[in-house]
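Here's the structure we're looking at; comments come further down.
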Number of protein chains: 2
Amino acid sequence: MDTDQVRGKWDATKGACPTRQVLGRIGDTWTMLVISTLEKHGTLRSGQLKSVIEGITQKMLTQTLRHLERDGVVRRDVLPTVPVTVSYTLTPLGLSLAAAVATMRTWAYDHMDEIAEARDEYDANI
Amino acid sequence: MDTDQVRGKWDATKGACPTRQVLGRIGDTWTMLVISTLEKHGTLRSGQLKSVIEGITQKMLTQTLRHLERDGVVRRDVLPTVPVTVSYTLTPLGLSLAAAVATMRTWAYDHMDEIAEARDEYDANI
DNA sequence: CAGAATCCCAATGGATACTG
DNA sequence: CAGTATCCATTGGGATTCTG
């Protein structure tokens, strides 16, 4: 693993910094929503996620879940019913990520008025 | 303001949720880097930001700073020297955002090995 | 030095139709 | 039901050039 990158040498100003990769993923359109939804409801089936998360398309739901599964954030369980039943659950890693995401969401929520004000003033003084 | 959106009614699963706007911005390529850089160094001039943040282009630096300025996260100061001197500083709002961002970065840093492992295993079982 | 203005390519993501 | 495969519009973002 750490052949060309020694721990402790990571610098956020470098493109390769893993922090950027994680934040980039978090910041995409649907990831945070999927995580938050799973945190709130626990295990959900694909169709349930799709109906709870308003506006998400089949494609983006699947794509987002695949990414999260690959990163070890969600677990995908398949029951061999007919038709097949697929459910998703946050892993322990996913739960800890959900907590961190909640911090950001709380910040956004707490400061939304301040931001809106700043925008209004900025836009007024164009 | 809150004419069609009553406080407390925000739902993260709705596209209009301000949380998503903020997270979306945080997640873009350069915003987090600019914030972290300003947090680390304090006030910086445009050129300094450009040389510290490796790989950023003139266009993206300016664009990112404009967004942050509009949201009240950074303050832009112009000194009427010749040629003009422009410096950027995090506002109190920006400092609190930097702290929240640091939480995410810490999470990413603490779990990067776990994520890398999960990816390796996932990719192996394709 | 700081930044505005173009041009242009690659990645996101939406809509739709199809498979097991 | 869950997922894949296309097609396509929009956007993000890089390279370059120009101005005060």
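To find a chain, count down the sequence lines: A is the first, B the second, and so on, and within it residues start at 1.
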Using whole Å, what does the distance between atom [atom2] of nucleotide [N] and atom [atom1] of [X] come to?
X     : N      : atom1 : atom2 : value
A/M32 : C/dG13 : CE    : P     : 13 Å
A/R25 : C/dT12 : CZ    : C1'   : 13 Å
B/Q63 : C/dT6  : CD    : P     : 15 Å
A/H67 : C/dA11 : NE2   : P     : 13 Å
B/L61 : D/dG12 : CG    : C1'   : 16 Å
B/I56 : D/dA15 : CD1   : C1'   : 15 Å
A/M60 : C/dA11 : CE    : P     : 15 Å

Looking at A/Q58, is its backbone amide N or carbonyl O close enough to the side chain of A/T62 to form a donor-acceptor pair, meaning the two atoms are under 3.5 Å apart?
yes
Ignoring backbone atoms, test whether B/T57 places a side-chain nitrogen or oxygen under 4.0 Å from the OP1 or OP2 oxygen of D/dG14.
yes
Distance col, row B/L90:CG vs B/K40:NZ, nearest 0.5 angstrom, shows 14.0 Å
Please say whether more than 12 non-hydrogen atoms of neighbouring residues, nucleotides or ligands are located less than 6.0 Å from CD in B/E117.
no
Crowding at CD, A/E121 (>12 non-hydrogen neighbours, <6.0 Å)
no
The residue among A/T89, A/L95, A/T43, A/L49 that forms side chain to side chain contact (heavy atoms under 4.5 Å, CB included) with A/L38 is A/L49
From CA spacing to verdict: side chain to side chain contact (heavy atoms under 4.5 Å, CB included), A/Y88, A/Q48:
CA-CA 10 Å; A/Y88 294 91; A/Q48 294 178 305; over 6 Å; no
Any protein N or O atoms within reach of nucleotides 1-4 of chain D? Criterion: under 3.5 Å, listing atom names and distances.
residue, atom, partner, partner atom, Å
D/dC1, O3', A/R45, NH2, 3.1
D/dA2, OP1, A/R45, NE, 3.1
D/dA2, OP1, A/R45, NH2, 3.4
D/dA2, OP2, A/G47, N, 2.6
D/dG3, OP1, A/R66, NH2, 3.4
D/dG3, OP1, A/R76, NE, 2.9
D/dG3, OP1, A/R76, NH2, 2.8
D/dG3, OP1, A/Y88, OH, 2.7
D/dG3, OP2, A/S46, OG, 3.3
D/dG3, OP2, A/Y88, OH, 3.2
D/dG3, N7, A/Q58, NE2, 3.2

